[in-house]
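Notes follow the structure.
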Amino acid sequence: MYVSQLMLATLRDTPSDAEIISHQLLIRGGYIRRVGAGIYAYLPLMWRVLKKINAIVKEEIDATGALETLLPQLQPAELWKKSGRWQGYTDGEGIMFHLIDRQGKELGLGPTHEEVITSLVGEIVNSYRQLPLTLYQIQSKFRDEIRPRFGLMRGREFIMKDAYSFHSDEASLQKGYASMGVAYRKIFNRCGLEALVVDADSGAIGGSASQEFMIASETGEDLILTSPDNKYSANQEKAVSVPTQEVPLAVEETSIIRTPGQSTIDKLCAENGFAPSQIVKSLVMLAKTDDGHSQPLLLCLRGDHELNEVKLVNAITSETGKTVQEITIISPKQLAEQGLSPFPFGYIGPDIDDVVLKGAKSWNNNFLRIFDSSVCSLKKFICGANQNDKHLIGATWETVGGIPIKTDIRKAKSGERCLHDPTQMLQERRGIEVGHIFQLGQKYSEALGACFTNERGLQEPLWMGCYGIGISRLAQAAIEQHHDEAGMIWPIAIAPFEAIVVIANMKDEQQKELGKKFYNQLKEAGVDALLDDRDERAGVKFKDADLIGIPWRVVVGRDSSEGKVELFQRSSRKTEKLVTEEAINTLISEITQTKPID
RNA sequence: CGGGGCGUGGCGCAGUUUGGUAGCGCGGGUGCUUUGGGAGCACUAGGUCGCAGGUUCGAAUCCUGUCGCCCCGACCA
């Protein structure tokens, strides 16, 4: 490919709406253009990168025995109603774009494909003899993100590889899940990326075991906790730890103290010399469930801990059997709307009476009380006295009415001890989620009636796994991980071109001729080469080559009269002057070395 | 959804406070010079200032509405 034919559109200025470096470089390098919020066009350079990633993904996923398909993006609502996800995905914070067609039928634009694939396989597969079976596809997905950002990182339309496996029993599912995990490691490896595997919450997709593949990056939206021995790593949403020891409260009697204006943990501690770990923090929140009910929550945590909303949602689900759509803090305004008297915010205790909810217009009339495990082990503590400007000091769980539901709803954080080895402390890093694998179990097959006949001749819902890779996100994450001041530095396996031949001065016939000859030889050797034949100054061409991140650059310039060219490696910035033949041989062997052996 | 900010040639921005009929840099085109790290000079094209109303002799500028986009937050009372 000649650069003059490439529609290369590099920008000198950094676009004002791009926040992170990878996003800026993608736009400056002419890889993508924004079409709308969270909607991007992949320009020719980008499409080449995506195709290279796709090829690697296909090879590795094919190698697991999976079959490639292409499923519809436009999906009837009734499928989603069957699985029970329509409401959650379209109401409130729902993420699915949806519409009504001219017949008045509801349709959704696929954010994921469990429903379609499950009902499809359920229709086609009848017997355990046809299992296991894995199908996958690479295509655009649509998600109406609350807030699209960072270019391709969180777009509303993005490219994803999704695979679904079907099994006749759990053991087979676990085997399939494991082999997909191995394939994922190979994929990220081959793409030249350092990926971390972490335990994860399965979130809206559901299911049991689940792991995420993270590209370590400061700009990542996820917080990861790892142990120094690397035996434990988890997304903070899921992470567990041994809480730090609390400061014991040396108080004999239970008493009420006046604490005006001390409605926060910080103020309370500052005024009275308390330690945050001696305080029981009581939060009142509201959970909207998929059956349309609003359930008030009373949550207790140690003063030095933070609520993990993901764990909370899971706790509510396992306690009530209902799916939580949304959790919000209860505001004075909401209380007024419910016709309730104001709560003593900032002074609420674990034993606040359900009476305060009596007469609520649309809420349940009792609190669902969930206490974090670590708060429950406090012998004596300080908590709100359920009256404005008053706290209870020296309280015990007996004096505040005992412990209702006790579970883990706390965020683990760095510096806390690991469960598997208490001598190790958790460390924090940020990551970009590029892959996620789940053992779904029978959740979807049950809901959609996708059954097979098992060895005993009985009908049984299919055992399922699902496995995603964000292709377009992965491409951008690669830049986040590989760049310098001058621009991108693509890992060679996913670079749009492997080498660029720069003719320094197009007016010099000798350079021009040698450059083209060199380029043609590279092409013949199977190298993905680019020839910069533009009538630009050499400096411009160097800047562009650096910016768009081509791994190897060959400069045919002033030394061409002696039959010499310059070989430049983008990643190491090393330059070598070589005679033409030697340069070609060196380059070809460097490039073919890094290609996988088929 | 809450808070903040921004919409002015293709891109990045100034001008808005104090209304007077639009400017700078980059980019584009032409010509000459230059030719190894985003060249120089000259000429040139390109904008009904997001959109719709209103105020005014006169609106990019003031008022009202509306649309779009960006950033922060949406968890500790």
Side-chain angles (χ1 to χ4, degrees), chain A residues 8-20 23-24 27-28 30 33-39 92-93 146-151 236-237 259 261-268 276 279-287 297-313 326-335 342-349 352 372 375 383-384 386 388-389 391 409-411 485-487 502-508 511 532 534-547 553 555-560 565-566 568 573 575 577:
Chain A
L8 185 67
T10 54
L11 302 175
R12 194 181 296 214
D13 296 319
T14 302
S16 62
D17 56 359
E19 197 68 9
I20 61 174
H23 184 197
Q24 292 170 353
I27 291 175
R28 281 191 56 209
R33 278 292 167 96
R34 197 183 67 85
V35 173
I39 305 170
E93 306 265 281
I146 300 177
R147 191 173 148 211
R149 61 177 131 183
F150 302 148
Q236 192 184 36
E237 293 179 354
T259 53
Q262 298 166 28
S263 61
T264 64
I265 303 280
D266 283 351
K267 284 183 196 156
L268 193 60
I279 298 169
V280 171
K281 172 163 69 173
S282 302
L283 311 174
V284 283
M285 302 182 83
L286 191 69
L297 307 170
L298 188 279
L299 311 169
C300 288
L301 290 157
R302 232 166 69 180
D304 56 334
H305 290 160
E306 291 184 15
L307 176 69
N308 181 324
E309 207 172 299
V310 173
K311 288 181 183 176
L312 173 62
V313 166
E326 200 181 8
I327 292 200
T328 52
I329 312 171
I330 290 178
S331 67
K333 196 176 149 207
Q334 284 176 305
L335 291 177
F343 290 179
F345 287 115
Y347 300 92
I348 293 171
I352 188 165
D372 183 64
V375 84
C383 64
N386 295 317
N388 277 321
D389 301 337
H391 275 87
I409 53 168
R410 162 184 81 87
K411 267 188 187 170
E485 325 72 53
V502 175
I503 298 170
N505 184 355
M506 280 299 284
K507 296 221 165 61
D508 183 323
Q511 289 184 22
D532 198 341
R534 292 176 301 168
D535 192 12
E536 289 284 355
R537 297 166 64 86
V540 173
K541 300 193 221 188
F542 296 157
K543 289 281 186 197
D544 275 344
D546 286 351
L547 176 61
R553 186 177 77 206
V555 183
V556 180
R558 51 166 90 101
D559 301 316
S560 57
V565 298
E566 236 174 73
F568 172 86
R573 312 224 73 179
T575 304
K577 265 184 201 170

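All chains are named by letter (A, B, ...) in the order of the sequence lines, taking the proteins before the strands, and each is independently numbered beginning at 1.
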Using whole Å, report how far [atom1] of [X] lies from [atom2] of [N].
X      : N      : atom1 : atom2 : result
A:L11  : B:rG27 : CG    : C1'   : 9 Å
A:E19  : B:rC6  : CD    : P     : 16 Å
A:L297 : B:rA77 : CG    : C1'   : 15 Å
A:M285 : B:rA77 : CE    : C1'   : 11 Å

Between [M] and [N] - [atom1] atom distance, rounded Å:
N      : M      : atom1 : value
B:rU8  : B:rG65 : P     : 22 Å
B:rC13 : B:rC70 : P     : 14 Å
B:rU34 : B:rC41 : C1'   : 11 Å
B:rA45 : B:rU30 : P     : 15 Å
B:rG47 : B:rG10 : P     : 8 Å
B:rA52 : B:rC67 : C1'   : 10 Å

Between [N] and [X], counting only base atoms on the nucleotide and side-chain atoms on the residue, is there a donor-acceptor pair under 3.5 Å?
X      : N      : value
A:D13  : B:rG25 : yes
A:R534 : B:rG38 : no
A:E566 : B:rG36 : yes
A:R28  : B:rG27 : no

With a 4.0 Å cut-off on heavy atoms, is [X] in touch with a base, just the backbone sugar-phosphate, or nothing at all?
X      : value
A:D546 : base
A:L307 : base
A:E306 : base
A:V502 : nothing
A:I348 : nothing

*Give a yes/no answer on whether the side chain of A:S16 brings an N or O atom under 4.0 Å of OP1 or OP2 in B:rC13.*
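Checking A:S16 against B:rC13: at least one side-chain N or O falls below 4.0 Å of OP1 or OP2.
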*Can you check whether A:R12 has a side-chain N or O nearer than 4.0 Å to OP1 or OP2 of B:rG27?*
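True: A:R12 side-chain N/O within range (under 4.0 Å) of B:rG27 OP1/OP2.
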*Measure across A:S282 and A:G349 and return the closest heavy-atom pair with its distance rounded to 0.1 Å.*
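That would be OG-C, 3.5 Å.
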*At their closest point, which heavy atom of A:M285 faces which heavy atom of A:I330, and how far apart are they?*
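Between these two residues, the closest heavy atoms are O-CD1, 3.4 Å.
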Taking the minimum atom-to-atom distance to the side chain of [X], which one of [options] wins?
X      : options                : result
A:R573 : B:rA77, B:rG36, B:rG37 : B:rG37
A:R149 : B:rG73, B:rU35, B:rG38 : B:rG73
A:D17  : B:rG38, B:rC76, B:rC70 : B:rC70

*Please tell me which of A:K507 and A:K541 maps to the more 5' nucleotide of RNA chain B, matching each residue to the nucleotide holding its nearest heavy atom.*
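Its nucleotide being nearer the 5' end, the pick is A:K507.
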*Which residue, A:H305 or A:T10, contacts RNA chain B at a nucleotide closer to its 5' end, judged by nearest heavy atom?*
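Result of the comparison: A:T10.
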_Between A:D546 and A:R553 (salt bridge meaning N to carboxylate O under 4.0 Å), is one present in this structure?_
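Looking at A:R553 together with A:D546, the answer is yes, because their closest N to O distance falls below 4.0 Å.
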*Going by heavy atoms in the side chains, are A:L8 and A:R534 under 4.5 Å from each other?*
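When only atoms from C-beta onward are counted, A:R534 and A:L8 do touch, with a gap below 4.5 Å.
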*Do A:D372 and A:I409 have side-chain heavy atoms sitting under 4.5 Å apart?*
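A:D372 reaches A:I409 side chain to side chain.
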